[in-house]
Amino acid sequence: MKIISSVSELEIFLSKASKDKSLGFVPTMGALHQGHISLVEKAISQNDMSLCSIFVNPTQFNDAKDLEKYPNQLDADLTLLEKTGCDVVFTPSKTEIYPEGFAGKSYDFGNLDKVMEGETRPGHFEGVALVVSRLFDIIRPQKAYFGEKDFQQLAIIRSLANQNYKSIEIIPCPILREVDGLAMSSRNLLLSEKHRTAAPRVYQRLLHVKKQANTKSISELKQWIAQEFKQDPDLKLEYFEISDPNRLQKSTQWSDYEVHIACIAVFAGSVRLIDNILLEMN
Ligand code: AMP
């Protein structure tokens with residue numbers, strides 16, 4: 001496994017090594033878990049060469065404390081990637097990604113960055129678009145892999161690719177969960193014992209919503225979620241929305257769309273967790 005930290009070295013390496021080879025790219029912020037590894041495995045199976053980047057992108061953090069405490073375990077990450085069979089790992093510094101005078105393009109994402117994460121984390125998606133477009137410009141992969149865990153981010157990346165990177169195919173990957181249902185996340189490492197015990201209730205409540213979707217109205221289910229979290233001493237609801245999965249327009253009734261996406265953000269102590277579930281109408 002080749003480990004490269006400089007942009008110029010990576011560009012030279014790729015211009016030689018990936019000639020006539022398909023390249024699959026998995027961007028991450030490290031503290032890798034099986035969710036990330038499932039993306040890397042998919043990239044390995046669908047391409048001649050796989051590349052995983054590890055970069056904790058400061059521009060997508062709207063909260064300085066969140067950035068400060070973001071887990072960092074590079075040695076363990078590299079061991080895991082080596083064992084998985086990843087070909088190249090890119091571990092750039094901040095100045096490699098954002099050299100002095102660097103200015104990214106700005107994009108119009110329509111409604112996609114105005115709701116949910118866009119509303120509660122101002123500037124977050126500008127930061128995501130900035131880093132992903134910089135990485136796409138450097139790496140120029142044929143395929144790039146993104147998890148459905150970050151459903152809204154995936155919608156933004158699809159739009160970004162559609163606007164500026166038509167040659168890159170965006171491959172969505174399903175959410176990997178712990179045995180108790182909690183969506184795997186690097187932030188789970190930061191949960192206290194009490195909050196780790198409480199956290200699976202987020203997914204249990206999403207499952208309840210899915211089960212009730214054909215018998216209860218959207219507003220009844222939103223009220224039910226609000227009530228459940230109000231009574232929960234360890235989990236604080238930030239938002240719960242049911243929307244159309246393509247444009248993320250809020251759904252008002254089930255007949256609005258054939259499929260809806262229910263997205264949630266919750267604080268477990270100071271740790272912010274997000275999750276989502278697809279609701280198919282029958
Ligand atoms: P992150 O390191 O949190 O920026 O995540 C890197 C990529 O891994 C993103 O495309 C995430 O959506 C994806 N990812 C994170 N957690 C999971 C999970 N539990 N299942 C599937 N993909 C995930």
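In listed order, ligands and their atoms are each counted from 1.
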> With under 30° as parallel and over 60° as perpendicular, where do the rings of Y257 and H260 fit, or are they tilted in between?
perpendicular
> Give me the nearest non-hydrogen protein atom to atom 10 (O) of ligand 1 as residue plus atom name, then the distance to 0.1 Å.
G147 N, 2.9 Å
> For atom 14 (N) of ligand 1, which candidate among L176, D150, I157 provides the closest heavy atom?
D150
> Short list, please: which atoms of ligand 1 are under 4.0 Å from a heavy atom of M184?
16 (N), 17 (C), 18 (C), 19 (N)
> Please find out if less than 6.0 Å separates the ring center of F61 from that of Y70.
yes
> Relative to the heavy atoms of T28, which atoms of ligand 1 are at a distance of less than 4.0 Å?
2 (O), 6 (C)
> Regarding S251 and D256, is there a side-chain donor-to-acceptor distance under 3.5 Å anywhere?
no
> With heavy atoms of F146 as the reference, note each atom of ligand 1 found under 4.0 Å away.
10 (O)
> Could you check if a side-chain atom of L81 sits within less than 4.5 angstrom of a side-chain atom of I54, using non-hydrogen atoms only?
yes
> Would you check whether H33 reaches within less than 4.0 Å of ligand 1, judged by its heavy atoms?
yes
> Any idea which protein heavy atom is nearest atom 6 (C) of ligand 1, and the distance to it?
P27 O, 3.4 Å
> If we only count heavy atoms from C-beta on, is the K236 to F229 side-chain gap below 4.5 Å?
no
> Under a 3.5 Å cutoff, is there a donor and acceptor pairing between the side chains of T59 and Y98?
yes
> Could you check atom 4 (O) of ligand 1 against the protein and tell me its nearest heavy-atom contact, residue, atom and distance included?
M29 CG, 3.6 Å
> What atoms of ligand 1 come within less than 4.0 Å of a heavy atom belonging to L39?
7 (C), 8 (O), 10 (O), 13 (C), 22 (N)
> Could you tell me, atom by atom, which parts of ligand 1 come under 4.0 Å of a heavy atom of P174?
20 (N), 21 (C)
> Would you mind telling me if ligand 1 is within reach of the side chain of L154, the backbone, both or neither, using heavy atoms under 4.0 Å?
neither
> Got the closest protein heavy atom to atom 8 (O) of ligand 1, with its distance?
H36 CD2, 3.4 Å
> When you measure from the side chain of N188 to the backbone N and O of A183, does any donor-acceptor pair fall under 3.5 Å?
yes
> Does either side chain, that of S219 or that of Q223, offer a donor lying less than 3.5 Å from an acceptor on the other one?
no
> Can you tell me which residue and heavy atom of the protein come closest to atom 23 (C) of ligand 1, and the distance to 0.1 Å?
K149 CB, 4.0 Å
> Using a 4.5 Å cut-off on heavy atoms from C-beta on, say whether the side chain of N164 contacts that of K105.
yes
> Only heavy atoms of I175, strictly under 4.0 Å: list the atoms of ligand 1 that pass.
20 (N), 21 (C)
